[in-house]
Amino acid sequence: MKSEPDVFSLADLRKAPAMTAHWDGVRNYQARNYIRDRMRHGDLAYFYHSSCRPPGIAGIIEIVSAPYADHTAFDSKNPHFDPAGTADNPRWYMVDVRFRQAFDTLITLDTLRQHPPLLPLPLLQRGNRLSVMPVLPEQWKLIETLAR
DNA sequence: GCCAACGTTGGC
DNA sequence: GCCAACGTTGGC
């Protein structure tokens, strides 16, 4: 799961009440589908820092809710306001996430690219901007070995 | 700050 | 339903 640390970082999540926050603001259908259809309470995710130097994986978070309507889409003052959805039939979804672990050293994008089994990740593919994506179990284990 | 790549929008 | 224009993303 990607976030710009200037906007919301892993350290921000750690400081949040109960180290837990909404992962709101996803407004891309493919990312929405992964949240809505694939995420389950108790799943783990890598927290990736984007649009910073260097970009990379900062640590691990846990999904601590089922997917539910992203209510920020209903708020006309929110920058991600989208009047298309309703409470009964929401267009956008989010989950709650809880801080689990901060790596001592960022696993940089550059490091990730050096491991061929990771190359199929959308993250590493040219031009891809998907902000939420699945990680295969083998990929998860390999990334864990890169963490310090 | 630049710009390539991509998704979305809307006129036709 | 095509596709040009536009806005956004995100590495560099």
Side-chain angles (χ1 to χ4, degrees), chain A residues 1-16 19-39 43-63 65 67-136 138-148:
Chain A
M1 300 174 76
K2 296 198 281 191
S3 178
E4 300 185 18
D6 290 350
V7 178
F8 188 75
S9 69
L10 183 61
D12 292 331
L13 180 61
R14 189 175 204 165
K15 286 182 288 193
M19 298 189 188
T20 301
H22 303 143
W23 198 274
D24 60 83
V26 172
R27 297 291 181 271
N28 168 281
Y29 288 105
Q30 196 178 358
R32 186 279 310 270
N33 292 347
Y34 284 134
I35 291 173
R36 185 191 60 188
D37 305 335
R38 309 272 293 271
M39 281 192 177
D43 287 350
L44 299 180
Y46 286 122
F47 192 126
Y48 179 87
H49 284 176
S50 64
S51 287
C52 57
R53 283 192 57 85
I57 299 173
I60 295 175
I61 59 180
E62 180 179 356
I63 312 307
S65 75
Y68 62 105
D70 181 345
H71 52 69
T72 67
F74 306 139
D75 174 6
S76 61
K77 297 188 196 74
N78 190 282
H80 303 295
F81 174 60
D82 183 351
T86 64
D88 280 351
N89 185 23
R91 172 171 291 190
W92 303 114
Y93 283 77
M94 63 183 177
V95 287
D96 295 345
V97 297
R98 182 188 297 149
F99 174 87
R100 283 284 293 250
Q101 179 185 351
F103 299 146
D104 292 340
T105 307
L106 195 77
I107 305 174
T108 65
L109 179 60
D110 196 46
T111 297
L112 295 171
R113 289 194 194 285
Q114 292 165 19
H115 296 274
L118 303 180
L119 296 182
L121 283 171
L123 180 72
L124 302 184
Q125 278 163 32
R126 177 185 176 81
N128 199 288
R129 304 180 311 198
L130 192 60
S131 66
V132 176
M133 69 192 72
V135 178
L136 296 173
E138 314 87 81
Q139 294 170 331
W140 181 277
K141 287 179 198 148
L142 172 51
I143 294 169
E144 273 187 318
T145 70
L146 307 175
R148 275 178 287 141

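Proteins come first, then strands; the chains are lettered A, B, ... in the order of their sequence lines, and each starts at number 1.
Separating the CZ atom of A:Phe81 from the P atom of C:dG7 is a distance of 19 Å, rounded to the nearest angstrom. We find that CD of A:Gln125 is positioned 10 Å from P of B:dC6, with the value rounded to whole Å.
Every residue meeting the side-chain contact (heavy atoms from CB on, under 4.5 Å) condition with A:Ser9, not counting sequence neighbours, appears here in chain and number order: A:Pro5, A:Ala11, A:Asp12, A:His49. For A:Ala84, the side-chain contact (heavy atoms from CB on, under 4.5 Å) partners are A:Asp82, A:Arg91, not counting sequence neighbours.
Sorted by first then second residue, the side-chain hydrogen bond (donor to acceptor under 3.5 Å, both in side chains) pairs that include residues 95-104 of chain A, not counting sequence neighbours, are A:Glu62-A:Arg100, A:Tyr68-A:Asp96. Legend: ring pair (Phe, Tyr, Trp, His ring centres under 6.0 Å) pairs involving residues 70-92 of chain A, not counting sequence neighbours, sorted by first then second residue: A:His22-A:His71, A:Tyr29-A:Trp92.
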Please tabulate the protein-to-nucleotide N/O contacts below 3.5 Å involving nucleotides 8-12 of chain C, giving atom names and distances.
unit_1 : atom_1 : unit_2   : atom_2 : d
C:dT8  : O2     : A:Arg129 : NH1    : 2.7
C:dG10 : OP1    : A:Lys2   : NZ     : 2.7
C:dG10 : OP1    : A:Arg129 : O      : 2.8
C:dG11 : OP1    : A:Tyr48  : OH     : 2.9
C:dG11 : OP2    : A:Ser51  : N      : 3.0

Kindly list each side-chain donor-acceptor pair under 3.5 angstrom involving residues 109-121 of chain A, sequence neighbours excluded, with atom names and distances?
unit_1   : atom_1 : unit_2   : atom_2 : d
A:Thr111 : OG1    : A:Thr108 : OG1    : 3.0
A:Arg113 : NH1    : A:Leu124 : O      : 3.0

